[in-house]
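First comes the structure, then the notes that go with it.
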Amino acid sequence: MSKVISVKDIEELIRSGSDLKSLPEDAILTPSARDMIRDLEVAGKLNSLGNKPAAVSQQNENKEQIKVNSKSQKSDLEKFFNSKPIQDLKLQICDIGKRLWHRAYVDGNGGNIAIKVAEDLVLCTPTLVSKGFMRPDDMGLVDMEGNQLMGSKKRTSEILMHLQIMKKQPRAIASVHCHPPYATAFAVAGIQPPTCMIPEFEIFCGSVPIAPYRTPGTPEMGKLVADLSENHNTILMANHGVVAWSHLGVEDAYWKMEIIEAYCRTVVVASQLGKQPNTFTTEHLKDLLKTKQNLGIPDPRFGLKECELCDNSDWQPGVSCSVPPKTEQDVQPDPEAETLINAIADRIMNQIKK
Ligand SMILES: [Zn+2]
């Protein structure tokens, strides 16, 4: 008889570092196991199952070849900056820029992209150039303080934010910032995107916080965003846009933009259909968070109790939590506290009587 493979079996497979190929050929996957495998593929996690995504492995291989740092001689930096692996990453940044522009996630010369290419060196996009029309020669190389070491075009003024994220969150090897309209609308309204509506969003982005507004490009702005990057890979910037970092590569950071923008758009449209949108239960959310933890994606909700998981209070008009609010009957009196209060009350009464 064929073996039925559940989510639990897949989780076990990941834990043991085995390959998908180790499953029996005639194994039957449950629908959620099939979904999980797809999510793992999307997140590039299949490398632990023996299948590295090209962009990611390329970026890691590049790092292995790198023998320079910000203190290296100019001639060595120049050689490195023009080397084949770095040229390939410059092309990849151009490609991501085009995708951002075609999806209308960037406007004018807005948006910026950064990739960590050595311990203290970051490749980044230029300022005053449309992200849809960049050429590899437009890219710059900066140190972790934002000093430009290579590149003829001036580096983006928002590089400080990317660098502060990379310093605060050592797992961040690439970051993307842009202004996708629906997600930015939430950032302008000061409303955190609601949760418990779409699984992909919960696994790859949610929960998404809002960093308070500061002038773009200032160290204060960078700090406020970086402080949130410890527990969140996707962050809304009030009255500005979105930034996402990835531990896998620049394409993965870009995917977060597609996921949050599609999500915010869906939520806005759903809220116009004349019926309060449904949410899934916190039981379901807990399942998703388990998958998320296995994928190594941070989330401040790991370990929270079910009653603490669903918080849509920011969201208007009126998406309510699928967990009913606590009623007075749910609040059980603490017998020990009650005895203590009675004893104190008795003592006070006795004092008054005297
Ligand atoms: Zn911006």
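Starting from 1, each residue takes its place in the sequence as its number. First listed ligand is number 1; within each ligand, the first listed atom is number 1.
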### Query
Which class fits the ring pair His240 and His179: parallel under 30°, tilted 30 to 60°, perpendicular over 60°?
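The rings of His240 and His179 sit tilted, inter-plane angle from 30° to 60°.
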### Query
Going hydrophobic residue to hydrophobic residue with side-chain gaps under 4.5 angstrom, can you get from Ile115 over to Val176?
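Same cluster: Ile115 reaches Val176 through Ile, Leu, Val, Met, Phe, Trp or Tyr contacts under 4.5 Å.
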### Query
Out of the N/O/S atoms in His240, what is the name of the one closest to the Zn ion (ligand 1)?
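The atom in question is NE2.
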### Salt bridge flag under 4.0 Å for residues Glu145 and Lys167
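Answer for the salt bridge query: yes.
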#### Entry: Charged N-O contact under 4.0 Å between Glu258 and Arg103
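Yes.
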### Message
Using the Zn ion (ligand 1) as the vertex, how large is the angle between NE2 of His179 and NE2 of His177, rounded to 10 degrees?
### Response
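Reported to 10°, the angle equals 100°.
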### Message
Strictly under 2.8 Å, is the Zn ion (ligand 1) approached by any N, O or S atom of Cys178?
### Response
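Cys178 does not place any N, O or S atom closer than 2.8 Å to the Zn ion (ligand 1).
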